[in-house]
Every structure is written in C-alpha cells, then in structure tokens.
Amino acid sequence: TVPNGTLGNSCDHRSLSALSLSSSGAQFQYSPNLPRRGILYNLLCCFYCKDADKLVSINATLPLGFPSLQPVRKLLPNKKFQDREKKCLVIDLDETLVHSSFMPCSGACSIVPHVSQHCHVLQVYVLKRPHVDEFLKRVGQLFECILFTASLAKYGDPVVDVLDKWNTFRSRLFREACVYHQGSYVKDLSLLGRNLNRVIIIDNSPLSYIFHPNNAIPVTSWFDDMYDTELLDILPLLEKLAVTDDIYQVLQQHQDS
C-alpha cells in the first residue's frame, strides 16, 4: 500500500509519495451517521437477494411511504465455475507483493511509464518481493484470488500484467473500489459480494482492513530486503485456511501465536 494522495495508504519517503496523483474514479463515502432505519427495514435488508424480480415483489408488500429496498452494489462478478468451492483471498499490491519507486533500482521486474496529473511521463521501477512467483502460483491453486489495491488502475494494471504470470487474480480492484474513511482508503470486504466468513485479506496496512480486522493476515511492509521470506512463511497458514470450516478461529490462533 502506498501514500494517501499518491497511490495508497502507507507513508514511506522511498516510495511513490514523491508524486501527488488524483483519481478520476468515483469513491464510496462512508459515514457513521447514516439515517436510522426501522426494525422492519433492517429485517428485510437481512434477507436481501440480488434477484431484481424478488426485490420488486418485496417492495410491493412494504407499507405506504416505506423506503424501497435497493440492490446492493457488488464489487465482484459471480464466481467462476472452477472457484465455486474456494474461499476468497484478497491480496494487496504495494509493499505487500512489490515495491515501486521513481528512482532506478537494480533487479526491477518492470519499468512502467506513468503519466502524472501534470501530464509528465515518469518511469516507475517495480521491484518484486522475494518468492512472490511461488506464492502467487500456490494461492491461485487454493483460492479465488482478488487483487485489491488503493493505487490507481493506470499504475496498478501494467504492474499486475507483468507480475501475475500465473493468471492468479480473477479480478482487480483499484482505488475507486475503496471506501474513503477518515482520510484513508479502506477496503470494505462486505462490498465484494462474497460471504465474509469465507474472505481473507493479506495487506501491509491495518488501515486498509480496519472494517474487518478479524479477516486479515497482516504482513510487514516490504521495500528492498532480498532475504525476506514472509510470503513463503504464510503459505502453511493459507493452506490451512483453504480447508477449514472456521477461518476466524484459525486466524485468531495465528494472531495469538
């Protein structure tokens, strides 16, 4: 994850914080002071279904003047057939899988031309975290994997095109899919369209999963340590999560250990 106002959340002077970027995509605005709904409305919301005809039928039974139920926007399409039994693994990009910089660095896996908000073309040097290839190959076998970054798509897409040689990611979500909450871009897992008890997120920034900390596998921010083994170290945990009936118990045990 990278800095607010640039490509993401965390702040590091060596990363892309040197350039201020803007997002043209719409943002979800989160507010804790939403209008309170009645008990009947809340109960009906619990039985929300994505079938439009059923929603019309439910709305027809509501009392006169009662607000109609609206379909909830899902960030992800329906699961592919081969992923129907798999849990959903949400994976961050910057400082989790790669580190990007405007300064040339040896060993960069890709150099991405980037157009700033001032129409300057800059070269972004992308360094892969050690063992990222092995990691992505394995988790792609175990999970429905989703790339979710607070970065902009014009930066993230070219990087993932180079990074994901195994076609691990079923979908890619960028800054416009985040919720802007108290100055940070938050990844609201409840908007994915997946059962939360079958969703896990891997991210270096606790702010990114502040709404769902119990679903998270925190990782340390990575910049240039070529002896890092964290992606390999968490594979046994992920293999266990892929087959468990209770991800929360497994994740809690991991956090307590």
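Values reported hereafter were calculated over all heavy atoms of this structure, with side chains retained and with hydrogens, waters and symmetry mates removed.
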Heavy-atom side-chain proximity of [X] to [Y] below 4.5 angstrom:
| X | Y | value |
| --- | --- | --- |
| Leu89 | Ile91 | yes |
| Leu238 | Ile202 | yes |
| Lys187 | Tyr209 | no |
| Val199 | Phe143 | no |
| Tyr180 | Val186 | no |
| Asp164 | Trp166 | yes |
| Val160 | Phe169 | yes |
| Leu163 | Val98 | yes |

Seminar exercise, completed: Asn214 meets the side chain to side chain donor-acceptor pair (under 3.5 Å) criterion, sequence neighbours left out, with none
For this session: For Gln252, check side chain to side chain donor-acceptor pair (under 3.5 Å) against everything at least two apart and list the hits.
Result: Asp256
Atom pair [atom1]/[atom2] of [X] and [Y] - distance to nearest 0.5 Å:
| X | Y | atom1 | atom2 | result |
| --- | --- | --- | --- | --- |
| Ser100 | Tyr125 | OG | OH | 12.5 Å |
| His131 | Leu232 | NE2 | CG | 4.5 Å |
| Leu152 | Asp157 | CG | CG | 11.0 Å |
| Ile247 | Cys88 | CD1 | SG | 10.0 Å |
| Thr220 | Phe223 | OG1 | CZ | 9.0 Å |

Which atom names give the shortest non-hydrogen contact between [X] and [Y], and what distance separates them?
| X | Y | value |
| --- | --- | --- |
| Leu196 | Asn215 | O-ND2, 2.8 Å |
| Glu230 | Asp228 | N-OD2, 3.2 Å |
| Ala177 | Phe148 | O-CZ, 3.7 Å |
| Trp222 | Asp225 | NE1-O, 2.8 Å |
| Ala150 | Cys178 | CA-SG, 4.0 Å |

How would you list, by chain and number, every residue that makes a salt bridge (Lys or Arg N to Asp or Glu O under 4.0 Å) with [X], sequence neighbours excluded?
| X | answer |
| --- | --- |
| Lys86 | Asp83 |
| Asp161 | Arg172 |
| Asp133 | Lys128, Lys165 |

For this session: For the pair Ile217 and Ile201, evaluate side-chain contact (heavy atoms from CB on, under 4.5 Å) and give the outcome as yes or no after the intermediate values.
Result: CA-CA 6 Å; Ile217 300 176; Ile201 182 170; over 6 Å; no
For this session: Go through the steps for Val179 and Leu191 under the test side-chain contact (heavy atoms from CB on, under 4.5 Å), then give the verdict.
Result: CA-CA 10 Å; Val179 174; Leu191 300 177; 4.0 Å; yes
Exercise. Does any pair with a residue in residues 139-150 pass salt bridge (charged side-chain N to carboxylate O under 4.0 Å, His left out), and if so which ones, sequence neighbours excluded?
Worked result: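 Sorted pair list: Glu144-Arg194.
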For this session: Just grab all the salt bridge (charged side-chain N to carboxylate O under 4.0 Å, His left out) pairs involving residues 232-247, residues at least two apart or on different chains.
Result: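 Found Arg138-Glu239.
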Exercise. Passes side-chain hydrogen bond (donor to acceptor under 3.5 Å, both in side chains), Asp203 versus Ser205? Steps please.
Worked result: CA-CA 6 Å; Asp203 205 301; Ser205 172; 4.8 Å; no
Spell out, as yes or no, whether a donor-acceptor pair under 3.5 Å connects the side chain of [X] to the backbone of [Y].
| X | Y | answer |
| --- | --- | --- |
| Arg129 | Leu97 | no |
| Lys87 | Leu241 | yes |
| Thr96 | Leu93 | no |
| Asn204 | Pro218 | no |
| Arg198 | Glu85 | yes |
| Asn195 | Asn197 | no |
| Thr168 | Leu136 | yes |

Exercise. What's the verdict on side-chain hydrogen bond (donor to acceptor under 3.5 Å, both in side chains) for Gln249 and Thr244, showing C-alpha distance, side-chain angles and the deciding distance?
Worked result: CA-CA 9 Å; Gln249 181 181 17; Thr244 186; 5.9 Å; no
For this session: For the pair His212 and Asp188, evaluate side-chain contact (heavy atoms from CB on, under 4.5 Å) and give the outcome as yes or no after the intermediate values.
Result: CA-CA 8 Å; His212 305 97; Asp188 189 345; 3.1 Å; yes
Problem set entry | From CA spacing to verdict: side-chain contact (heavy atoms from CB on, under 4.5 Å), Ile210, Ser208 | CA-CA 6 Å; Ile210 194 172; Ser208 294; over 6 Å; no
For this session: Apply side-chain hydrogen bond (donor to acceptor under 3.5 Å, both in side chains) to Thr149 and Tyr155, showing your working.
Result: CA-CA 11 Å; Thr149 173; Tyr155 152 77; over 6 Å; no
Problem set entry | Non-neighbouring partners of Ser171 that pass side-chain contact (heavy atoms from CB on, under 4.5 Å), sequence neighbours left out | Leu76, Pro77, Ile146
